Trainee: 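Would you mind keeping the following structure in view while I ask a few things?
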Amino acid sequence: MAVSDQDVTVVLVHGAFAESASWNGVIERLGAAYSVVAAANPLRSLAGDAAYLRDVVRGVGGPVLLVGHSYAGMVITEAAADDPMVRALVYVNAFAPETGESALALSGKFPGSTLADTLVSYPVATGGNEVAIAQNAYHKQFVQDVSSDVAALMARTQRPVTEQALGEGLASTTPAWKLLPSWFVFGDQDHNIPVAAHRFMAERADARGVREIVGASHAMTASQPGEVAESIIEAVRGSS
């Protein structure tokens, strides 16, 4: 049975160093025509984060389109495995891993990332360390194409991620992007994940749609919400 645009819920998942409000501009541009949920990604472990996202999908109770930014590409890929409710995947400056690949491995696959030098790390009571981007480095590193005031607010509200989450490989034996249609949108001025990695992952996934934005930063959800929304709309229509 065909599924209409209105029957699909768009589930937006933020990555590391952001939070669910980073999708506000995208949600505004999707408008009332689309059912949207911005999930709060725990950023604790890939397995745990994916399990939580599966709970969100079950709570929606209908077909969903999963959209992941940055590290959340790992999460949507893991969560979508063998889930008939997931119709398609959208990767926004995001990782699209093969089995066993981690965010750390993919970000280092090609030269160009300057993220490591901007991170601050500290131990957490649950074990291991978590990392955040230093506030004085956030604007230039993460979202250089917004105003300094907007970047300062994002830096203060960023969600740290554990080293475990970044280093954990995809457990699924068959990555979801091999079975589901996928769309990719990314900026050529992403300082976290080199643009060569985005191009590689989109080609490997045989993406149905690829949008590369000249001059766009890593945090396109905030700086280029219209471009992100367009890719989501294409994915909803292309998978219905």
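All values reported here derive from a predicted model rather than from experimental measurement. Computed over heavy atoms, backbone and side chain alike; hydrogens, waters and symmetry mates excluded.
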Trainee: Should E101 and F95 count as side-chain neighbours, where that means a heavy-atom distance under 4.5 Å?
Mentor: no
Trainee: Can you get from V146 to V92 by hopping between Ile, Leu, Val, Met, Phe, Trp and Tyr side chains that sit under 4.5 Å apart?
Mentor: no
Trainee: Testing the 3.5 Å rule here: is there a donor-acceptor pair between the side chains of S217 and Q189?
Mentor: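 Result is no, nothing qualifies.
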Trainee: For side chain to side chain contact (heavy atoms under 4.5 Å, CB included), just list the numbers for R58 and M85, CA-CA rounded to whole Å, side-chain angles, deciding distance to a tenth of an Å, and then say yes or no.
Mentor: CA-CA 8 Å; R58 281 194 290 270; M85 302 304 292; over 6 Å; no
Trainee: State which residues pass salt bridge (Lys or Arg N to Asp or Glu O under 4.0 Å) with D83; sequence neighbours excluded, sorted by chain then number.
Mentor: none
Trainee: Nearest 0.5 Å, please: how far is CD in E212 from CD in E227?
Mentor: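 Rounded to the nearest 0.5 Å, the CD-CD separation comes to 11.5 Å.
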Trainee: Is any side-chain heavy atom of S107 closer than 4.5 Å to a side-chain heavy atom of L115?
Mentor: no
Trainee: What pairs with E234 under salt bridge (Lys or Arg N to Asp or Glu O under 4.0 Å), at least two apart in sequence or on another chain?
Mentor: R211
Trainee: Got D188 and I213 here, is their nearest side-chain heavy-atom distance under 4.5 Å?
Mentor: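 SC-SC contact between D188 and I213 ruled out.
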Trainee: Once the angle between the rings of H198 and F186 is folded into 0 to 90°, is it parallel (under 30°), tilted (30 to 60°) or perpendicular (over 60°)?
Mentor: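 Answer is parallel, since the angle falls under 30°.
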Trainee: For the residue pair N41 and Y52, establish whether any side-chain heavy-atom pair is separated by less than 4.5 Å.
Mentor: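 No, side chains not in contact.
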Trainee: Measure from the side-chain N and O atoms of E163 to the backbone N and O of G128, and report whether any donor-acceptor pair falls under 3.5 Å.
Mentor: no
Trainee: To the nearest 0.5 Å, how far apart are CZ in F17 and CG in N192?
Mentor: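 Going from the CZ atom of F17 to the CG atom of N192 covers 7.0 Å.
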Trainee: Can you tell me how far apart OH (Y138) and OG1 (T118) are? Round to the nearest 0.5 Å.
Mentor: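 Output value for this atom pair is 10.5 Å.
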Trainee: Keeping the roles fixed (side chain from R29, backbone from V228), state whether a donor-acceptor pair exists under 3.5 Å.
Mentor: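 No: the side chain of R29 does not pair with the backbone of V228.
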Trainee: Which heavy atom of M220 sits nearest a heavy atom of V185, and at what distance?
Mentor: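 So the two residues come closest at CE-CG2, 3.6 Å.
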Trainee: Could you tell me whether a side-chain N or O of Q158 sits under 3.5 Å from a main-chain N or O of I133, the two making a donor and an acceptor?
Mentor: yes
Trainee: Which pair of non-hydrogen atoms, one from W23 and one from H14, has the smallest distance, and what is that distance?
Mentor: NE1-N, 3.3 Å
Trainee: Using atom types as modelled and distance alone, determine if a side-chain donor or acceptor of Q224 lies under 3.5 Å from a backbone N or O of A216.
Mentor: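 No, the answer is negative, given that no donor and acceptor are paired below the 3.5 Å cut-off.
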Trainee: What are the two closest heavy atoms between P123 and N129, and how far apart are they?
Mentor: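 For P123 and N129, the tightest heavy-atom pair comes out as CA-OD1, 3.1 Å.
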Trainee: In Å, rounded to the nearest 0.5 Å, how long is the span from OG of S70 to CD1 of I193?
Mentor: 4.5 Å
Trainee: Working note: E78 + R54, criterion side chain to side chain contact (heavy atoms under 4.5 Å, CB included); need CA distance, chi angles, decisive distance, verdict.
Mentor: CA-CA 9 Å; E78 187 69 69; R54 291 189 197 102; 3.8 Å; yes
Trainee: Identify the two heavy atoms, one from A81 and one from A176, that lie closest to each other, and give their separation to 0.1 Å.
Mentor: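 Heavy atoms only, the tightest pair is N-CB, 4.3 Å.
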Trainee: Check P225 against G25 and note the closest heavy-atom contact, atom names and distance.
Mentor: CB-C, 3.5 Å
Trainee: Could you tell me if the side chain of M154 sits less than 4.5 Å from the side chain of V143, heavy atoms only?
Mentor: yes
Trainee: Would you tell me whether Y71 and D49 have side-chain atoms, one donor and one acceptor, within less than 3.5 Å of each other?
Mentor: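 Their side chains do contain a donor-acceptor pair, which is all the 3.5 Å distance test asks for.
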Trainee: Any chain of hydrophobic side-chain contacts (each under 4.5 Å) joining I232 to L180?
Mentor: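 Different clusters: I232 never reaches L180 through Ile, Leu, Val, Met, Phe, Trp or Tyr contacts under 4.5 Å.
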Trainee: When rounded to the nearest 0.5 angstrom, what is the spacing between CG in L12 and CG in L66?
Mentor: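 Reported to 0.5 Å precision, the distance equals 9.5 Å.
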Trainee: Run the side chain to side chain contact (heavy atoms under 4.5 Å, CB included) check on V75 and L46 step by step: do they pass?
Mentor: CA-CA 6 Å; V75 179; L46 177 55; 4.1 Å; yes
Trainee: Does V150 offer a backbone N or O that forms a donor-acceptor pair with the side chain of H139 under 3.5 Å?
Mentor: no
Trainee: Would the distance check show the side chain of W177 and the main-chain N or O of D206 forming a donor-acceptor pair, the cut-off being under 3.5 Å?
Mentor: no
Trainee: How are the rings of Y91 and F184 set relative to one another: parallel (under 30°), tilted (30 to 60°) or perpendicular (over 60°)?
Mentor: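 Because their plane-to-plane angle is under 30°, the rings of Y91 and F184 count as parallel.
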Trainee: Are V90 and L53 grouped together when hydrophobic residues (ILVMFWY) are joined by side-chain heavy atoms under 4.5 angstrom apart?
Mentor: no
Trainee: Treat each ILVMFWY residue as a node, draw an edge where side-chain heavy atoms are under 4.5 Å apart, and state whether I76 and V64 are in one component.
Mentor: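 Yes, I76 and V64 fall within the same hydrophobic cluster.
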Trainee: Does L43 reach the side chain of T162, with side-chain heavy atoms less than 4.5 Å apart?
Mentor: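 With C-beta onward as the side chain, the pair stays apart.
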Trainee: First locate atom CG of L106, then atom OG of S113, and finally report the distance between them rounded to the nearest 0.5 Å.
Mentor: 12.0 Å
Trainee: Applying a strict under-4.5 Å side-chain criterion to I, L, V, M, F, W and Y, I'd like to know whether I233 and V67 cluster together.
Mentor: yes
Trainee: Any side-chain heavy atom of W183 sitting closer than 4.5 Å to one from R208?
Mentor: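 Yes - at least one pair of side-chain heavy atoms lies under 4.5 Å apart.
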Trainee: Using modelled atom types only, decide if a donor and an acceptor are shared between the side chain of T99 and the backbone of S172 within a distance under 3.5 Å.
Mentor: yes
Trainee: Kindly say whether G187 contributes a backbone atom to a donor-acceptor pair with the side chain of N93 at under 3.5 angstrom?
Mentor: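 Yes; judged by distance alone, with no hydrogens or angles, the pair exists.
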Trainee: I'd like to check H218 versus H191 (side-chain heavy atoms, cut-off strictly below 4.5 Å). Are they in contact?
Mentor: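 H218 vs H191: side chains apart.
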Trainee: Give a yes or no on whether the backbone of V195 and the side-chain of D190 come within a donor-acceptor separation of less than 3.5 Å.
Mentor: no
Trainee: What is the minimum heavy-atom distance between P97 and G73, and which atoms define it?
Mentor: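 Nearest heavy atoms, P97 then G73: CD-O, 4.1 Å.
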Trainee: If you measure from the Lys or Arg side-chain nitrogens to the Asp or Glu carboxylate oxygens, is any gap between E130 and R44 under 4.0 Å?
Mentor: yes
